[in-house]
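Working notes, structure below.
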Amino acid sequence: MITVGIDVGSITTKAVVLRDGKIIAEKIAPTGYQPQAAAEMVFAEVLSAAMLPADDVTTVVATGSGRSRVSFAGRSVTEISCHAAGANFLSPAVRSVIDIGGQDSKALVMDATGRVKDFAMNDKCAAGTGRFLEVMAGALGVGLDAFGPISLTSEAPAVISSLCTVFAESEVISLISKGARRRDIIAGIHAAVAARVVAMAGRIGLTAPVMMTGGVAKNIGVVKAIEARIGSSVIVSPKAQLTGAIGAALIAARST
């Protein structure tokens with residue numbers, strides 16, 4: 001059986017092909033301002049990578065904030081369910097997931113089968129998301145890829161008291177004008193993101209082991225800041241950004 005999961009996020013669109021429960025192809029591309037076009041593009045490209053015609057696909061399941069725009073999907077499923085299923089596939093021992101995407105952040109607790117027991121979500125404010133980090137990187141003139149490594153060199157993280165993106169940016173600009181070190185400002189930004197996300201996760205109570213998913217999981221500075229907040233290590237898969245798409249493909253296989 002061949003199934004495809006497509007995760008249409010605010011910043012990137014991901015696609016994964018599963019054949020009999022094994023990943024055989026994956027693709028990540030920018031979403032842009034046309035989610036439907038982005039979904040169609042990654043679908044075509046991931047099938048090309050798998051060397052498969054569309055007719056060979058049994059089912060397509062869409063997830064992510066733009067899932068309703070994927071007209072060719074057989075069904076759509078919430079990100080919560082898909083990240084739980086994907087995390088369970090990547091590491092069956094995981095019992096909690098923190099997902100930080102471009103536009104929202106989520107925390108969930110699940111059982112040994114990947115079934116969601118409880119969750120919390122922030123989709124009303126950009127604070128604690130990938131977009132927040134993008135704005136801060138712009139203010140500091142640093143590429144996002146460098147954010148994590150730079151922050152780990154800080155010995156005295158700055159204090160970012162505001163969790164509003166607009167006010168936090170003003171704080172960062174003020175710190176720059178006062179001569180604060182860039183590495184300390186970045187470390188402070190990561191600490192602020194961790195504080196926001198862990199506070200949200202605290203509403204449901206995380207159970208170890210904890211996995212971090214989503215694009216921000218690639219930022220080692222945020223990962224370390226979250227670990228410091230929760231007092232335990234966090235699992236980050238090399239396929240962290242693909243977790244939702246993997247879960248969608250798995251759900252597609254189970255529902256066929």
Side-chain angles (χ1 to χ4, degrees), residues 1-32 34-99 101-102 106 108 110-116 209 211-218 235-256:
M1 179 189 299
I2 296 170
T3 59
V4 175
I6 297 180
D7 180 3
V8 184
S10 60
I11 296 177
T12 59
T13 295
K14 289 75 67 176
V16 167
V17 180
L18 286 187
R19 175 188 283 149
D20 299 327
K22 295 182 179 180
I23 299 172
I24 62 170
E26 56 195 51
K27 181 67 180 179
I28 300 174
T31 299
Q34 293 184 312
Q36 171 73 19
E40 291 174 350
M41 181 184 71
V42 295
F43 182 58
E45 292 184 355
V46 81
L47 288 182
S48 176
M51 296 183 288
L52 292 170
D55 289 345
D56 283 1
V57 177
T58 305
T59 310
V60 177
V61 165
T63 191
S65 59
R67 62 185 180 275
S68 63
R69 302 291 298 278
V70 187
S71 60
F72 57 89
R75 60 183 289 213
S76 62
V77 179
T78 68
E79 303 102 294
I80 298 294
S81 296
C82 289
H83 276 266
N88 180 258
F89 174 87
L90 293 169
S91 183
V94 167
R95 293 295 177 269
S96 300
V97 174
I98 293 174
D99 168 48
K106 301 173 280 291
L108 63 92
M110 61 192 192
D111 64 19
T113 68
R115 183 180 64 86
V116 178
M211 173 178 277
M212 188 168 166
T213 63
V216 177
K218 296 187 294 183
I235 298 169
V236 178
S237 167
K239 298 186 183 298
Q241 196 171 6
L242 292 161
T243 308
I246 292 170
L250 287 165
I251 290 171
R254 294 169 187 168
S255 61
T256 301

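Given the structure is predicted, the values throughout are model-derived calculations rather than measurements.
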Suppose we screen for salt bridge (Lys or Arg N to Asp or Glu O under 4.0 Å). Which residues come up paired with D111, at least two apart in sequence or across chains?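 Salt bridge (Lys or Arg N to Asp or Glu O under 4.0 Å) check on D111 returns R115.
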For E40, all residues meeting salt bridge (Lys or Arg N to Asp or Glu O under 4.0 Å), sequence neighbours excluded: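 By the salt bridge (Lys or Arg N to Asp or Glu O under 4.0 Å) rule, E40 matches no residue at all.
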Does anything in residues 57-66 pair up under side chain to side chain donor-acceptor pair (under 3.5 Å), and if so which pairs, sequence neighbours excluded?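 Those involving residues 57-66 are T59-T256.
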Which heavy atom of [X] sits nearest a heavy atom of [Y], and at what distance?
{"X": "V46", "Y": "A15", "answer": "CG2-O, 3.8 Å"}
{"X": "A240", "Y": "A217", "answer": "CB-CB, 3.8 Å"}
{"X": "A62", "Y": "A73", "answer": "CB-CB, 3.8 Å"}
{"X": "M41", "Y": "A29", "answer": "CE-CB, 3.4 Å"}
{"X": "I235", "Y": "P209", "answer": "CD1-CB, 3.9 Å"}
{"X": "T12", "Y": "T31", "answer": "C-OG1, 3.0 Å"}

Report, one line per pair, each donor and acceptor closer than 3.5 Å where one atom sits in a side chain of residues 82-95; sequence neighbours left out.
unit_1 : atom_1 : unit_2 : atom_2 : d
H83    : ND1    : T213   : OG1    : 3.0
N88    : ND2    : A112   : O      : 3.1
R95    : NH1    : P92    : O      : 2.9
R95    : NH1    : A93    : O      : 3.1

Please, which pairs that meet salt bridge (Lys or Arg N to Asp or Glu O under 4.0 Å) have at least one residue in residues 3-19, sequence neighbours excluded?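 Checked against salt bridge (Lys or Arg N to Asp or Glu O under 4.0 Å) - neighbours excluded - the pairs reaching residues 3-19 are D7-K14.
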Are [X] and [Y] packed together at the side-chain level, in the sense that at least one heavy-atom pair is separated by less than 4.5 angstrom?
{"X": "I251", "Y": "R75", "answer": "yes"}
{"X": "R67", "Y": "V8", "answer": "no"}
{"X": "I23", "Y": "L18", "answer": "yes"}

Going through the distances and angles, do F72 and I6 end up as a side chain to side chain contact (heavy atoms under 4.5 Å, CB included)? CA-CA 11 Å; F72 57 89; I6 297 180; 3.6 Å; yes
Please test L47 against V57 for side chain to side chain contact (heavy atoms under 4.5 Å, CB included), starting from the C-alpha separation and ending with a verdict. CA-CA 9 Å; L47 288 182; V57 177; 3.7 Å; yes
Say you draw a straight line from [atom1] of [X] to [atom2] of [Y]; how long is it, rounded to the nearest 0.5 Å?
{"X": "I24", "Y": "I2", "atom1": "CD1", "atom2": "CD1", "answer": "5.5 Å"}
{"X": "D56", "Y": "M51", "atom1": "CG", "atom2": "CE", "answer": "12.0 Å"}
{"X": "D20", "Y": "T3", "atom1": "CG", "atom2": "OG1", "answer": "9.0 Å"}
{"X": "L250", "Y": "S81", "atom1": "CG", "atom2": "OG", "answer": "12.5 Å"}
{"X": "S96", "Y": "M110", "atom1": "OG", "atom2": "CE", "answer": "7.5 Å"}

Only counting residues at least two apart or in another chain, list the ones meeting side-chain hydrogen bond (donor to acceptor under 3.5 Å, both in side chains) with Q34.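 None.
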